[in-house]
Number of protein chains: 2
Amino acid sequence: MSAKILIVEDEPAIQELLAFNVEKAGFQASCAGSAERAWQQVRENKPDLILLDWMLPDTSGVVLAKQLRADAGTKAIPIIMLTARGEERDKVAGLESGADDYITKPFSPRELMARIRAVLRRHAPQAPDETVAAGGLELLPGAHRVSAMGREIELGPTEFRLLHFFMTHAERVYSRTQLLDQVWGTQTFVEERTVDVHIRRLRAVLEPAGMDNLIQTVRGSGYRFSVN
Amino acid sequence: MSAKILIVEDEPAIQELLAFNVEKAGFQASCAGSAERAWQQVRENKPDLILLDWMLPDTSGVVLAKQLRADAGTKAIPIIMLTARGEERDKVAGLESGADDYITKPFSPRELMARIRAVLRRHAPQAPDETVAAGGLELLPGAHRVSAMGREIELGPTEFRLLHFFMTHAERVYSRTQLLDQVWGTQTFVEERTVDVHIRRLRAVLEPAGMDNLIQTVRGSGYRFSVN
DNA sequence: TGAAGCTGTCACATGTTTGTCACAAAACCT
DNA sequence: AGGTTTTGTGACAAACATGTGACAGCTTCA
């Protein structure tokens with residue numbers, strides 16, 4: 001889930017600084033000190049975003065950006081250009097070359113990360129606003145709403161995700177481990193029994209709304225959402 | 001239907017960059033490298049909007065803007081001034097000279113196009129100020145006015161944009177980050193919590209007007225404007 | 001120039017959510 | 001039935017998210 005970011009920067013100190021910040025923010029960082037190595041990394045790692053310094057030992061960043069844009073395989077990778085302070089022409093040329101954003105040195109880590117996230121967000125495919133329906137329930141992911149036969153149901157964030165998962169994966173048993181992976185994420189580490197508690201909480205909200213026995217216990221295996 | 005935009009800019013590289021972006025966005029671009037040629041273009045092409053650089057070889061952009069404003073035939077053409085970064089005086093003088101908006105270099109193509117569209121929308125004589133209505137509220141984007149059931153409501157600029165966005169994007173949850181992107185712009189960097197404060201201010205103005213619970217908190221996700 | 005208003009940020013208050021536990025209840029096995 | 005495993009349930013403290021008032025820096029306007 002975490003995005004891969006390629007840092008193309010010849011100055012080792014700055015390279016490390018960038019990598020440190022990028023990783024601290026939960027992204028995967030890889031580095032290249034020259035245009036040549038950058039190409040290599042791009043092919044091997046398929047980064048989701050490239051931080052590209054304006055000055056490189058072998059080629060200028062602008063040229064590399066243009067090359068990346070010209071190649072069908074790398075055309076879609078967003079680029080953030082790192083330019084020196086006040087170089088008016090550089091910025092213009094940087095944007096012209098196809099960079100998605102630029103940031104002038106010196107910059108604060110916070111601004112850098114904000115721009116990275118903004119660019120990644122802009123390039124993320126926007127999910128259409130669909131509605132999920134199952135077992136008399138209606139769930140709108142975009143509006144973050146659930147309703148049972150017209151009556152709105154209040155859910156906490158985790159219960160919402162859990163129910164969403166069940167509704168889109170009905171009629172099938174999931175183990176606590178699987179549910180933890182799917183609903184909590186593979187990066188979180190909580191007790192398996194926590195699932196039980198949340199199932200119970202979900203049931204507690206669903207039952208008063210007449211939605212009875214929607215989530216069934218499969219002893220020894222896990223839980224199942226079923227329309228029956 | 002596509003608007004004609006005149007670019008007055010002496011630096012060829014920037015001129016091309018501007019023209020490229022403007023045309024990519026579906027507008028017709030024409031260019032002038034000096035005030036003299038600009039007048040010529042204005043007479044010939046009748047542009048719908050002028051992008052005017054602050055520095056020109058023969059006259060300053062401000063002077064040209066004032067001249068354009070003084071001429072009955074060109075008075076109505078909106079002007080966006082291109083100024084150097086942080087030149088506070090320029091900004092003031094630019095707006096005083098009659099420009100409708102200014103944009104400081106360096107700017108992102110995205111921001112530029114957003115401003116162009118905003119100015120065109122504001123100046124569109126055809127559209128007799130479309131009004132946005134939702135949840136008993138009526139908002140006139142052009143006039144910068146909002147009213148709740150006939151009663152006028154006073155809003156600051158940011159609250160206005162925020163409410164406008166919500167009214168045109170009802171029934172959907174937006175995270176603080178998304179709201180910052182949409183309402184504050186991708187180039188501004190403020191804390192996420194700032195959104196909370198503005199939401200609160202908006203609510204504070206809306207509630208006395210009887211508009212209660214229009215903006216709902218979705219814990220863990222963001223906020224939602226809903227007509228209920 | 002001063003007054004008034006707008007913004008962004010902070011510290012603190014308030015209220016929810018969450019993971020975990022201990023124990024009760026239920027199901028399973030021999 | 002008795003013993004064992006699995007699941008349900010209520011309670012709870014810590015973590016977390018949001019509401020709220022205050023404030024300083026700015027801009028605007030007269």
Side-chain angles (χ1 to χ4, degrees), chain A residues 108 110-111 114 144 146 153-164 173-177 179-181 183-185 187-208 212-224, chain B residues 83 86-96 101-102 104 144 146 153-164 173-181 183-185 187-208 212-224:
Chain A
S108 71
R110 179 162 148 249
E111 183 183 359
H144 217 274
V146 201
I153 292 179
E154 304 267 334
L155 290 177
T158 307
E159 281 105 55
F160 187 87
R161 290 201 309 278
L162 185 56
L163 178 58
H164 187 191
V173 180
Y174 290 92
S175 70
R176 289 158 232 276
T177 310
L179 289 171
L180 283 178
D181 277 0
V183 179
W184 274 256
Q187 301 287 354
T188 51
F189 302 99
V190 295
E191 296 290 320
E192 291 206 342
R193 291 303 309 278
T194 299
V195 175
D196 297 27
V197 179
H198 278 272
I199 291 279
R200 167 174 142 37
R201 286 171 180 160
L202 193 46
R203 282 171 171 163
V205 195
L206 254 33
E207 279 181 26
D212 218 354
N213 197 37
L214 269 180
I215 300 171
Q216 295 137 19
T217 305
V218 180
R219 198 183 168 79
S221 300
Y223 296 95
R224 172 183 52 206
Chain B
T83 75
E87 291 293 339
E88 208 48 50
R89 299 178 149 207
D90 295 10
K91 185 169 129 188
V92 173
L95 287 174
E96 267 176 0
D101 202 352
Y102 61 87
T104 58
H144 227 269
V146 201
I153 290 179
E154 303 269 334
L155 288 180
T158 306
E159 280 103 52
F160 187 86
R161 290 200 309 278
L162 186 55
L163 179 59
H164 187 192
V173 178
Y174 290 93
S175 68
R176 288 155 231 278
T177 311
Q178 287 176 309
L179 289 171
L180 284 178
D181 272 4
V183 178
W184 275 257
Q187 293 284 336
T188 51
F189 300 96
V190 296
E191 295 292 320
E192 293 207 340
R193 290 303 307 279
T194 300
V195 174
D196 297 43
V197 179
H198 279 271
I199 291 277
R200 170 174 142 41
R201 287 170 181 160
L202 193 47
R203 281 172 172 162
V205 192
L206 254 32
E207 279 181 24
D212 218 354
N213 198 37
L214 269 180
I215 300 173
Q216 295 137 18
T217 305
V218 179
R219 204 154 238 277
S221 297
Y223 295 95
R224 173 184 54 204

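Computation of the quantities below employed the complete heavy-atom set of this structure, encompassing side-chain atoms and omitting hydrogens, waters and symmetry-equivalent molecules. Proteins come first, then strands; the chains are lettered A, B, ... in the order of their sequence lines, and each starts at number 1.
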Any side-chain N or O of Tyr223(B) below 4.0 angstrom from OP1/OP2 of dG19(D)? yes
The bend of the helix from dT1(C)-dA30(D) to dT30(C)-dA1(D), taken between the axes of its five terminal pairs at each end and rounded to 10°, is 30°
DNA chain C nearest-nucleotide lookup for Pro157(B) and Gly156(A): closer to the 5′ end is Pro157(B)
Here the distance between atom P of dT7(D) and atom CZ of Arg203(A), to the nearest Å, is 11 Å
Separation of dT20(D) atom C1' from Glu207(B) atom CD, nearest Å, is 13 Å
From CG of Leu179(A) across to C1' of dG19(C) the rounded distance in Å is 16 Å
Residues passing the salt bridge (charged side-chain N to carboxylate O under 4.0 Å, His left out) test with Arg193(B), sequence neighbours excluded, are Asp196(B)
When rounded to whole Å, the CG to P distance for the pair Asp196(A) and dA25(C) reads 17 Å
In whole angstroms, the gap separating P of dT18(D) from CD of Gln216(B) amounts to 14 Å
Sequence neighbours excluded, the answer for ring pair (Phe, Tyr, Trp, His ring centres under 6.0 Å) partners of His144(A) is Phe160(A)
Interface polar pairs with nucleotides 28-30 of chain C, N/O, under 3.5 angstrom:
none

Sorted by chain and number, sequence neighbours left out, side chain to side chain donor-acceptor pair (under 3.5 Å) with His198(B) holds for Glu159(B)
Taken to the nearest whole Å, CZ/Arg200(B) to C1'/dT20(D) is 5 Å
All N/O contacts under 3.5 Å from nucleotides 8-11 of chain C to the protein, with atom names and distances to one decimal?
unit_1: dG8(C); atom_1: OP1; unit_2: Trp184(B); atom_2: NE1; d: 3.1
unit_1: dG8(C); atom_1: OP2; unit_2: Trp184(B); atom_2: NE1; d: 3.2
unit_1: dG8(C); atom_1: OP2; unit_2: His198(B); atom_2: NE2; d: 2.8
unit_1: dG8(C); atom_1: N7; unit_2: Arg201(B); atom_2: NH1; d: 3.4
unit_1: dG8(C); atom_1: O6; unit_2: Arg201(B); atom_2: NH2; d: 2.5
unit_1: dT9(C); atom_1: OP2; unit_2: Glu191(B); atom_2: N; d: 2.6
unit_1: dT9(C); atom_1: OP2; unit_2: Thr194(B); atom_2: OG1; d: 2.7

Residues at least two apart in sequence or cross-chain that pass side chain to side chain donor-acceptor pair (under 3.5 Å) with Glu192(B), listed by chain then number, are Thr177(B)
On a heavy-atom basis, the closest approach of Val183(A) and Thr158(A) is CG1-O, 4.3 Å
Applying side-chain contact (heavy atoms from CB on, under 4.5 Å) to Val190(B) and not counting sequence neighbours gives Leu180(B), Trp184(B), Thr194(B)
Separation of dA17(D) atom P from Arg176(B) atom CZ, nearest Å, is 9 Å
When every non-hydrogen atom of Tyr174(B) is compared with those of Gln178(B), the smallest separation belongs to CA-OE1, 3.4 Å
From CD1 of Ile215(B) across to C1' of dT18(D) the rounded distance in Å is 15 Å
In terms of heavy-atom contacts, Pro208(A) and Ala204(A) come closest through CD-O, 2.9 Å
*asked:* Using a 4.0 Å heavy-atom cut-off, does Phe160(B) contact any base of the nucleic acid, only the sugar-phosphate backbone, or nothing at all?
replied: nothing
Check: residues 216-223 of chain A side-chain donor-acceptor pairs under 3.5 Å, at least two apart:
unit_1: Gln216(A); atom_1: OE1; unit_2: Arg224(A); atom_2: NE; d: 3.1
unit_1: Gln216(A); atom_1: OE1; unit_2: Arg224(A); atom_2: NH2; d: 3.3
unit_1: Gln216(A); atom_1: NE2; unit_2: Asn213(A); atom_2: O; d: 3.2
unit_1: Thr217(A); atom_1: OG1; unit_2: Arg203(A); atom_2: NH2; d: 2.8
unit_1: Tyr223(A); atom_1: OH; unit_2: Arg176(A); atom_2: NH1; d: 3.3

Sorted by chain and number, sequence neighbours left out, side chain to side chain donor-acceptor pair (under 3.5 Å) with Glu191(B) holds for Arg110(A)
Side chains of Leu202(A) and Leu155(A) in contact at under 4.5 Å (non-hydrogen atoms): yes
